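In this text, all values refer to a predicted model and were calculated from it rather than measured experimentally. Nothing fancy with the numbering, it's 1 onward along the sequence.
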Amino acid sequence: MSTAMLKAFWTLTARKALAARHAETLGMLKCSSASSAKAETESVVNLQREDKLTSKTLNFGGRREMLDARRLDRAVEMLAPLLGKRKEELLPVPPRVHLSTGIIARVLARSTASADVAEALYAYADAMCTRHFQDRVWFRGIVEFSNVCRKNCGYCGIRRLRRGVVRYTMSQDDVLECAQFCMARGYGTIMLQSGELQSEQRIAWIVDTIRKIREQTTLMDVEHGRGLCVALSVGELPREAYERFFEAGARRYLLRVETSSPTLYAKLHPPDHLWERRVECLRALKDIGFQLGSGFLIKVPGQSLRTLARDIAFMREIGADMVGVGPYIWQSDTPVGATWEEAHRGVSQRELEQERRETVELTTLVIALLRITLGNVNIPATTALQALDSVGREKALSRGANVVMPIVTPSHFRKQYQLYKGKPCLEDTAPQCANCLDRRVTWAGKSVALFDWGDPPSYAPRFPPPPLPHNATLT
């Protein structure tokens with residue numbers, strides 16, 4: 001098929017998909033099962049009980065935003081002395097608020113002890129998020145294309161030595177089909193995620209896949225000619241591999257440091273997994289020009305509030321453009337999971353449920369502080385929050401997050417990519433995940449940004465978008 005014919009085909013396909021998408025209404029969208037329908041109904045009721053806000057129009061940078069002005073005013077009154085700031089420094093909402101590690105630790109301690117302080121923090125983080133992103137939320141379609149991994153991270157469900165994991169690697173055609181789905185749904189970004197392999201065969205495969213995604217989705221993007229932004233999360237690799245990925249057209253890379261503490265990192269990993277190597281990779285990715293994504297676990301064994309405060313400050317120090325944080329959820333047959341199980345031996349179900357609630361609250365407090373201290377970066381409402389709380393992602397979106405990451409991995413592979421116990425959405429198809437998250441974003445009072453890469457302001461001024469042809473020309 002000629003380039004012109006291919007372009008015409010994708011033009012028709014994209015237009016049909018867009019027309020179908022705009023024809024959907026929230027009332028027409030169906031849950032994947034009756035039980036999920038009941039759970040989602042309960043989620044709406046719970047969220048509405050928690051967020052009874054009165055809207056009042058404020059103006060940020062010439063854009064009209066609907067915010068609860070009284071709620072924000074009360075929040076600033078409470079937060080100003082805690083943050084060591086004057087009220088005039090916090091209103092109008094600035095691009096970011098610089099806080100020392102000590103103050104961050106103090107805020108975490110106070111907000112975990114006081115629901116009023118926590119609510120003030122959430123309100124201010126939401127205002128900060130609105131300042132930079134209005135009410136928009138961006139989708140990043142995740143394709144977990146392989147669970148083959150050479151690493152043995154102590155907490156991970158696909159670690160090399162974990163028994164009972166059926167290893168798989170998707171074909172390139174399957175990955176490209178997922179990319180076409182993401183483009184047709186208007187996701188803007190596709191995230192290719194896998195275990196870590198450093199072989200030339202794997203690196204060359206990724207390079208070729210990036211190029212083909214860029215070529216095919218650029219042809220589909222008849223309005224803007226940009227195609228999908230390609231993001232990667234494939235581990236620690238030589239700098240030369242990162243450079244090849246960037247040259248092929250990838251523009252985002254997620255490599256979670258998991259903790260800013262070398263001591264804690266050593267407890268979570270075997271001796272040959274070095275914190276210094278992970279940080280070296282992060283600096284190389286930043287230097288090459290990637291939008292840098294990183295992040296850390298929350299409530300992992302051995303962590304303290306002071307450690308979390310340093311983690312937040314570390315994200316600022318490395319210049320992260322995206323910060324993904326999620327609650328630690330134990331996985332069986334892993335070293336860290338065994339530590340967690342031993343610490344929770346004899347704990348009642350009621351106590352476990354209370355701990356889950358506290359973990360969700362702490363995770364969203366960290367999200368709020370990340371938003372306040374970093375300002376204009378992307379922060380996802382991670383899937384793991386939903387594993388602990390049916391409205392966990394909605395809470396995150398109302399407390400500073402601006403990205404969600406629907407799983408696009410074909411259903412028959414999903415069960416073999418369980419990084420943690422109880423991962424949601426394993427039985428759902430990619431369209432069901434998309435529809436579910438559409439509703440969740442709406443329930444959180446936000447709107448989905450379609451056909452947009454969603455580059456954070458922290459990154460956009462530094463580098464132009466990749467040129468159109470990655471070995472492709474439009475005629």
Side-chain angles (χ1 to χ4, degrees), residues 17-18 20-44 47 136-145 147 168 170 174-194 217 228-229 231 233 254 324 326 329 380-397 401-420 422-444 446-452 454:
L18 185 58
R21 184 174 177 81
H22 286 312
E24 293 175 342
T25 64
L26 293 177
M28 294 167 59
L29 298 177
K30 296 181 179 180
C31 300
S32 56
S33 66
S35 60
S36 62
K38 180 181 178 182
E40 289 187 356
T41 300
E42 293 172 350
S43 297
V44 177
L47 195 65
R136 292 176 296 172
V137 172
W138 283 265
F139 279 13
R140 316 281 194 236
I142 299 181
V143 181
E144 302 147 329
F145 67 87
N147 67 353
Y168 73 88
M170 291 170 57
D174 282 344
V175 174
L176 293 176
E177 186 175 335
C178 291
Q180 292 159 14
F181 171 85
C182 289
M183 187 67 218
R185 293 288 303 208
Y187 282 5
T189 297
I190 184 170
M191 166 72 80
L192 304 183
Q193 187 175 68
S194 73
T217 61
L228 288 176
C229 177
S233 181
L254 172 61
I329 301 175
T382 53
T383 308
L385 279 167
Q386 188 179 328
L388 296 183
D389 186 329
S390 61
V391 291
R393 285 202 271 199
E394 292 91 327
K395 288 179 177 179
L397 289 173
N402 69 310
V403 170
V404 291
M405 306 180 82
I407 301 173
V408 185
T409 310
S411 302
H412 54 285
F413 291 124
R414 294 189 184 195
K415 289 185 179 180
Q416 302 306 324
Y417 205 92
Q418 293 193 61
L419 304 184
Y420 51 86
K423 182 179 178 181
C425 308
L426 295 180
E427 302 290 344
D428 293 346
T429 64
Q432 286 170 334
C433 279
N435 294 340
C436 173
L437 286 176
D438 274 341
R439 293 193 294 275
R440 290 181 181 276
V441 169
T442 301
W443 294 339
K446 308 288 183 176
S447 62
V448 179
L450 297 176
F451 298 100
D452 185 353

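Between the side chain of Ser390 and the main chain of Gln386, no donor-acceptor pair closer than 3.5 Å is present. A donor-acceptor distance shorter than 3.5 angstrom exists from the side chain of Asn147 to the backbone of Tyr168, with no hydrogens or angles considered.
Nearest heavy-atom pair across Ala381 and Val404 is CB-CG1, 4.2 Å. Scanning both residues, Ala184 and Phe451, for their nearest heavy atoms gives O-CZ, 3.8 Å. The two residues Tyr420 and Ala387 come nearest to each other via the heavy atoms CE1-CB, 4.1 Å. Shortest non-hydrogen contact noted between Ile329 and Ala384 is CD1-O, 3.7 Å. Between Ala430 and Tyr187, the shortest heavy-atom contact is O-OH, 4.4 Å.
Atoms CZ and CG, on Phe139 and Leu450 in that order, are 8.0 Å from each other to the nearest 0.5 Å. Expressed to the nearest 0.5 Å, how far CD1 of Ile190 lies from CE of Met405 amounts to 11.0 Å. A distance of 10.5 Å separates OH of Tyr417 from CD1 of Ile407, quoted to the nearest 0.5 Å. Atom CD of Glu394 is separated from atom CZ of Arg439 by 10.5 Å, given to the nearest 0.5 angstrom. Considering CG of Leu426 and CD of Gln418, their distance stands at 4.5 Å, rounded to 0.5 Å. Put simply, CG on Leu437 and CD on Gln432 are 12.0 Å apart, with the number rounded to the nearest 0.5 Å.
The shortest side-chain heavy-atom distance between Ile142 and Val408 does not fall under the 4.5 Å cut-off. Residues Pro410 and Cys178 have side chains in contact (heavy-atom distance under 4.5 Å, counting atoms from C-beta outward). Contact check for Val441 versus Leu397: side-chain heavy atoms found under the 4.5 Å cut-off. By the 4.5 Å heavy-atom criterion applied to side chains, Val403 and Arg140 are counted as neighbours. Contact check for Trp138 versus Asp452: side-chain heavy atoms found under the 4.5 Å cut-off. The side-chain heavy atoms of Val143 and Met170, taken from C-beta on, include a pair separated by under 4.5 Å. Counting heavy atoms from C-beta on, the side chains of Met191 and Leu254 come closer than 4.5 Å. Residues Cys436 and Asp428 have side chains not in contact (no heavy-atom distance under 4.5 Å, counting atoms from C-beta outward).
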**Study point:** Check against side-chain contact (heavy atoms from CB on, under 4.5 Å), Thr409 and Gln416
**Key:** CA-CA 11 Å; Thr409 310; Gln416 302 306 324; over 6 Å; no

Check your understanding: Between Thr217 and Gln180, is a side-chain contact (heavy atoms from CB on, under 4.5 Å) present by the stated rule, with each step listed?
Key -> CA-CA 7 Å; Thr217 61; Gln180 292 159 14; 5.6 Å; no

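With no hydrogens or angles considered, no side-chain donor-acceptor pair links Arg440 and Asn435 at under 3.5 Å.
Remark: Glu177 CD is loosely packed, at most 12 non-hydrogen atoms of other residues, nucleotides or ligands lying under 6.0 Å away.
The pair Glu144-Lys423 meets the salt-bridge criterion, with a side-chain N (NZ, NE, NH1 or NH2) lying under 4.0 Å from an Asp/Glu carboxylate O. Look at Arg414 and Glu427 and you find no salt bridge, because none of the NZ, NE, NH1 or NH2 atoms lies under 4.0 Å from a carboxylate O.
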